[in-house]
K.L.:
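This structure is in structure tokens; I'll ask about it shortly.
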Amino acid sequence: MKAPSFWSDPDALAGRLLSPLGALVGAVTLARMRGPAVRASVPVVCVGNPTVGGSGKTPTVQWIAARLAADGCHPAILTRGYGGSLAGPARVVPGWHVPAEVGDEPLLHAARFPTIVSGDRPAGAALAVAEGADVIVMDDGFQNPSLAKDLSILVVDAAAGLGNGRVLPAGPLRAPFAPQLAMADALVLVGDGEAGDTLAEAAERLGRPVIRGRLAVPEAVRSRIAGRDLLAFCGIGRPEKFVETLGAAGARNAVLRPFADHHAYGDADAERLLAEAGRTGLPLVTTEKDAVKLTGTAALARLAAAAMVVPVALEIVGIDALTPLLARLRRP
């Protein structure tokens with residue numbers, strides 16, 4: 001979905017009028033979050049966000065899984081597979097499963113780590129353990145109580161913050177922020193911004209560690225886009241973040257053609273983008289998340305062949321803040 005413009009404006013009339021409904025939604029969500037939970041036989045790390053939309057959660061999940069693997073663990077990523085038709089539990093197999101079945105983000109995860117999609121998170125955790133996992137990194141699910149969490153981390157885009165600070169449908173929050181933060185163990189802020197600084201102060205007042213990170217493009221890709229004008233397309237929670245990432249990687253300018261988050265590309269999209277690239281002479285660039293969806297038809301295959309994929313990875317600042325948190329995962 002595309003976020004309504006009033007979600008970023010605290011003074012917008014629509015947000016104020018919808019606030020009573022948002023208060024009800026928030027109260028129901030908080031009550032649900034305190035519901036009963038099933039405990040897995042291995043530790044569970046939950047990486048969630050307090051809002052809907054993009055926050056940098058996917059690279060955070062992969063960073064944590066990679067860190068656990070470097071420490072000798074065998075992590076599996078558990079996700080419900082947003083946008084996919086497969087209820088699961090099932091292990092995602094790249095090259096076999098397609099985004100329409102499992103969603104786009106699970107295919108990105110499965111390229112690096114064992115990944116399970118399951119609408120029933122306890123059942124998904126059981127399959128992950130049966131597949132050999134000794135720790136589970138859950139992508140999203142912070143507001144879902146069904147699977148007990150040993151460590152919960154909230155991820156927020158430091159530039160976007162909490163938008164207008166209101167709860168769905170009045171704003172982007174899934175529930176009031178302060179109670180969500182109180183139920184979390186740490187806050188990860190991706191990027192920079194005054195909104196993030198304000199949230200960091202709130203976390204520190206609650207005694208929650210604040211971990212700073214930034215999205216970085218590999219050097220091999222930076223050298224290909226440095227100083228160039230680009231035609232960028234993506235369907236992510238905050239499309240302008242992709243342009244910011246390209247600029248930080250050295251691109252001179254990027255013309256953005258945004259789509260809704262989790263957009264399913266069709267032939268018309270491909271033909272329009274290819275035509276614009278041919279007309280302007282600008283090279284096409286897109287995200288890894290979008291690239292996995294450019295399959296299934298000849299037009300999408302041509303777009304995939306023409307578009308340069310720009311991967312990003314999370315770089316953590318102040319890694320020592322994570323050490324005591326990850327140590328908590330060692331069950332006796």
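We count residues from 1, following the sequence as given. Note that this is a predicted model, so its numbers are computed, not measured.
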K.L.:
Is K289 reaching over with its side chain to a backbone N or O of D261, donor-acceptor style, under 3.5 angstrom?
P.N.:
no
K.L.:
Can D267 and R302 be counted as an ion pair, charged N to O under 4.0 angstrom?
P.N.:
no
K.L.:
Contact between D139 and H109 at the side-chain level, heavy atoms closer than 4.5 Å - yes or no?
P.N.:
yes
K.L.:
Do P75 and I77 have side chains that get closer than 4.5 Å, going by heavy atoms?
P.N.:
no
K.L.:
If you round to the nearest 0.5 Å, how far is CD of E105 from CD1 of I236?
P.N.:
10.5 Å
K.L.:
Does this structure show an ion pair linking D192 with R214, if we count only N-O contacts that are shorter than 4.0 Å?
P.N.:
no
K.L.:
What I'd like to find out is whether the side chain of R67 reaches to under 4.5 Å of the side chain of I316, using heavy atoms alone.
P.N.:
no
K.L.:
Group every Ile, Leu, Val, Met, Phe, Trp and Tyr by side-chain heavy-atom contacts under 4.5 Å, then state whether L231 and F242 land in the same group.
P.N.:
no
K.L.:
For R208, does the CZ atom have more than 12 heavy-atom neighbours from other residues, nucleotides or ligands under 6.0 Å away?
P.N.:
yes
K.L.:
Look up atom CG in L151 and atom SG in C46, then write down how far apart they are to the nearest 0.5 Å.
P.N.:
9.0 Å
K.L.:
How long is the gap from CD on E240 to SG on C234, to the nearest 0.5 Å?
P.N.:
8.5 Å
K.L.:
Would you say D157 and V190 make side-chain contact, with heavy atoms under 4.5 Å?
P.N.:
no
K.L.:
Does any non-hydrogen side-chain atom of T51 lie less than 4.5 Å from one of L173?
P.N.:
yes
K.L.:
For the residue pair A232 and A254, what are the closest heavy atoms and their distance?
P.N.:
CB-CB, 4.5 Å
K.L.:
With side-chain contact (heavy atoms from CB on, under 4.5 Å) as the test, would you mind laying out the steps for L199 and F177 before giving the verdict?
P.N.:
CA-CA 10 Å; L199 297 179; F177 178 66; 3.7 Å; yes
K.L.:
Mind jotting down which residue pairs meet the ring-ring contact (aromatic ring centres under 6.0 Å, His included) criterion with at least one end in residues 192-241? Sequence neighbours excluded, please.
P.N.:
F233-Y265
K.L.:
Between atom CD1 of I64 and atom CD1 of I153, what is the distance when rounded to the nearest 0.5 Å?
P.N.:
3.5 Å
K.L.:
Run the ring-ring contact (aromatic ring centres under 6.0 Å, His included) test against H97 and tell me which residues pass, sequence neighbours left out.
P.N.:
none
K.L.:
If hydrophobic clusters are built from ILVMFWY residues whose side chains come within less than 4.5 Å, do L230 and V217 share one?
P.N.:
yes
K.L.:
When rounded to the nearest 0.5 angstrom, what is the spacing between CZ in R121 and CG in N144?
P.N.:
4.5 Å
K.L.:
Could you pull out the closest heavy-atom pair between P239 and P258, with the gap in Å?
P.N.:
CB-CB, 3.7 Å
K.L.:
What heavy-atom pair brings A175 and V167 nearest, and what distance separates the two atoms?
P.N.:
C-CG2, 3.7 Å
K.L.:
Can V102 and T115 be said to form a side-chain contact (heavy atoms from CB on, under 4.5 Å), step by step?
P.N.:
CA-CA 10 Å; V102 299; T115 300; over 6 Å; no
K.L.:
Closer than 3.5 angstrom, by distance alone: can the side chain of N49 be matched with the main-chain N or O of V155 as a donor-acceptor pair?
P.N.:
no
K.L.:
Over all heavy atoms of both residues, which pair between A203 and V210 is shortest? Give the atoms and the distance, please.
P.N.:
CB-CG2, 3.6 Å
K.L.:
Under a single-linkage definition using a 4.5 Å side-chain heavy-atom cutoff for Ile, Leu, Val, Met, Phe, Trp and Tyr, are L284 and L256 assigned to the same hydrophobic cluster?
P.N.:
no
K.L.:
When you measure from the side chain of N253 to the backbone of D229, do you find a donor-acceptor pair of N or O atoms at a distance under 3.5 Å?
P.N.:
no
K.L.:
Check whether any side-chain heavy atom of F142 lies under 4.5 Å from a side-chain heavy atom of Q180, and answer yes or no.
P.N.:
yes
K.L.:
Are any of the side-chain heavy atoms of P50 and L162 separated by less than 4.5 Å?
P.N.:
yes
K.L.:
Can you tell me if R238 uses its side chain to pair, donor with acceptor, with the backbone of S55 under 3.5 Å?
P.N.:
no
K.L.:
Closer than 4.0 angstrom, basic N to acidic O: yes or no for R222 and E219?
P.N.:
yes
K.L.:
Is a donor on one side and an acceptor on the other found under 3.5 Å between the side chain of D104 and the backbone of P99?
P.N.:
no
K.L.:
Is there a donor-acceptor pair under 3.5 Å between the side chain of D71 and the backbone N or O of C73?
P.N.:
no
K.L.:
Any salt bridge linking R174 with D140? Criterion: basic side-chain nitrogen under 4.0 Å from a carboxylate oxygen.
P.N.:
yes
K.L.:
Is V285 linked to F259 within one hydrophobic cluster, defined over Ile, Leu, Val, Met, Phe, Trp and Tyr using a side-chain heavy-atom separation of less than 4.5 Å?
P.N.:
no
K.L.:
Could you give the distance from OG1 (T287) to CG (L108), rounded to the nearest 0.5 Å?
P.N.:
7.5 Å
K.L.:
Between A158 and G191, what is the shortest heavy-atom contact and its length?
P.N.:
CB-O, 3.4 Å
K.L.:
Donor-acceptor pair, D150 side chain versus V45 backbone, under 3.5 Å?
P.N.:
no
K.L.:
Applying a strict under-4.5 Å side-chain criterion to I, L, V, M, F, W and Y, I'd like to know whether L107 and L294 cluster together.
P.N.:
no
K.L.:
Could you check whether any side-chain heavy atom of L154 comes within less than 4.5 Å of a side-chain heavy atom of L187, counting everything from C-beta outward?
P.N.:
yes
K.L.:
Would you say E101's side chain and V98's backbone share a donor-acceptor pair under 3.5 angstrom?
P.N.:
yes
K.L.:
Ignoring hydrogens and geometry, is there a side-chain-to-backbone donor-acceptor pair from W7 to P169 under 3.5 Å?
P.N.:
yes
K.L.:
For residues P145 and A37, report the shortest heavy-atom separation together with the two atoms involved.
P.N.:
O-CB, 2.9 Å
K.L.:
If you apply the rule side-chain contact (heavy atoms from CB on, under 4.5 Å), what do you find for N164 with D9, and how did you get there?
P.N.:
CA-CA 5 Å; N164 63 7; D9 182 2; 5.8 Å; no
K.L.:
Got a sec, which pairs hit salt bridge (charged side-chain N to carboxylate O under 4.0 Å, His left out) with one end in residues 11-26, sequence neighbours left out?
P.N.:
none
